[in-house]
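Right, one structure below, let's go through it.
In this text the structure is predicted, and so the values were computed from the model without any measurement.
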Amino acid sequence: MDCVVTGGNVKVLAKAIHSLSRIGDELYLEPQEDGLTLRSVNSSRSAYACFLFAPLFFSRYVIPDGHGFRCKMAIKSVQAVFRSLATLEKTVEKCHIELDGDRNRLTFTLHCKHGLLKTHNLSFQDSESLQAVFDKDSSTNVLKAQPRVLVDTVLNFPPSLEEVTVTVSNERVWFRNHVDQEAEPSKAMLTELCLSADEFDHFEVRAQSSVTFCLKELRGLLVFAESTGLPISMYFAEPGRPVVLSVTDSVLDGNFVLATLSDELGVRQQNSKRACTPPPPTDDFMNDELESYLIAMDTSIATGPSVPEAVLAPLLPSRAGSPPAKPDPRSTIHSEREEDSMEEEVEDLGRPPNKKFRSLFFGSVYPTGSPLSSRTMTSQKVLASDSEDDT
Amino acid sequence: MKFRSKIIDIGCLNHFTRVVTTISKLTKTCVLRLTPDNLYFVLSGKVANGGVGMWCELSQAKFFDEFQLEGVSVEANEICLELAPDNLSRALKTAQNAKTVKIKLTRKHCPCLTIAAELPTMSSVSRVVTHDIPVDVIPKRLWNDFKEPSMPDFDVTIYMPPLKIMKNVVDRMKNLSNFLVIEANMNGEMNLKIETDLVSVTTHFRDLGNPPWAGDDGSQAGADSQREPETMVQARVDVRKLQQFLMGQQFNPSKAMCNIVQNTIIHLILLYEDVSLQYFIPAVA
């Protein structure tokens, strides 16, 4: 592998790596025919991000013949190469990425002004392909906006806020801070922002819905989109199915796939308000079988050819030793907890405590007798707690 | 009980935000008392607050373009709310370039002070952001706790040195000791002292001037004349509380004064046009 990035594209590459660092700890790098992919996934697999830089993005793009080379490395060490974005723009003229096959190092060489050369030799691990399969086309709702619109929107929420709820109707979008049940409702400030469809470049709402997802990754993508000036498209359908945020250009393509809170959770919370006995957990998928199933899926996808984009599953390879996802004990607590629902939305009250996002990741099952032959798989929502660290 | 108000002028909005931010630096929760003419942010000097008290008074007409209030009753035309000033400060900060900001009392999932800001956009429709700040409505029988504190019968009154300088000194002294002795006399002198087993540090300020406090009868109140002007009056206070007061300052007061009751309390007063902020720090033995 031998790639050269020049001029302003160095900064674009650097920004992409910085926004990927908001997702996970590792960077998956894979040179392909159609370009260089950089990917990352978080530990609970509730967020996945992928950038594809087309060969035209580079002034030289040579990939190894034969077997596909792919590797992963600590994202921190790659970030260190592009540490200072400000000086990068002024001083770096060219960035050369080269695979040193003999020493098993990936070499990043920054050609700076005055003939200064900065060489970083990064060690890497072989990895299987990290490929989430998601389907933007099946999204009922598509919103496209200039980064400024979303940056200004996000600014209204406190930096400590973890999750945001987005609700769409035919001509409006509401952003609300999502507050957890566990917090005391009377303590939390609720912020709501309403945007009209006019503010969006593209506004397509086929089904009114409301999804809740993590703000951290969105903030990461916004940094990238703002610096490159690329509009952000948001694809989503219903709660529990992931939201896809993407930026596209003639030479690059970025997709962020984020888990959304399951609606079942919300509905159950609402229905069982003040109920003494919580309903039995309905999700049988929150147990070992599913986990083993997922691992099977992983390998089948990683080794096979590219799978049609139909399922919604950020998949991680070689996770055989990971602990199984257990039913979230909090879901029981939730249903018992007294909770006021606000307005007509599945709006949760209270402040997010200092815990991590209780995330969903998306398993996949073959539905029996699926009417859609092209879409062989549909999504199945699975609850997994982020705190069960599965690295 | 009804309350709604509106700010249009951006200068007023910024000023109001600075006042609220200052309050938020001083206390986590406080009481907002609304009357037809004034707003008050109050922290009563209870033991739970470490004896620290605060009283901030704003004239509503100087800030608001619209101010409608219907109090608890005709006789008691006031509303008393307990809230976290940090929430209010945060909400106002997001509205810094708003066309209008409305503040009203609403009943949502609980009683809320709702801040609704109309933000400018590129499109024809403006963007509206609302923040619902949960509040506790304080029943009338408890209002007595939130009356204006009486001026202590101080032994010394003095203008304070520039607050930034004072802050720098106190910040450094805080590293040496948890307690600071503040002393002053009627000759325009103030000292900040640290005394520990290992070190004694004193910073002297001179020519600060003593404000003339006219009593009701026209005579000079407090600081009675029996005392020699050079005699120092002192109080030992928790250095963190003084630091907190100096750190939070967001507005440049036109007057800053300090009254000291020997070994009892220090009473700090900041005046800025239409805002006054009083802060009480009890002395410790």
Worksheet entry | Heavy-atom proximity to chain A below 4.5 Å, by part of A91(B) | both
Item to complete: For the pair Y40(B) and W55(B), name the ring-plane relationship: parallel under 30°, tilted 30 to 60°, perpendicular over 60°.
Response: tilted
Worksheet item: Where does the angle between the aromatic ring planes of F3(B) and F67(B) fall among parallel (under 30°), tilted (30 to 60°) and perpendicular (over 60°)?
Response: perpendicular
Response to the item:
When every non-hydrogen atom of V151(A) is compared with those of E226(A), the smallest separation belongs to CG2-CD, 3.9 Å
Worksheet, complete the sentence: With chain A, the option among T114(B), L83(B), T94(B) that has the most non-hydrogen atom pairs under 4.5 Å is T94(B)
Worksheet entry | Check: Y272(B) ring centre within less than 6.0 Å of H15(B) ring centre | yes
Worksheet item: For I115(B), is it the side chain, the backbone, both or neither that has a heavy atom under 4.5 Å from a heavy atom of chain A?
Response: neither
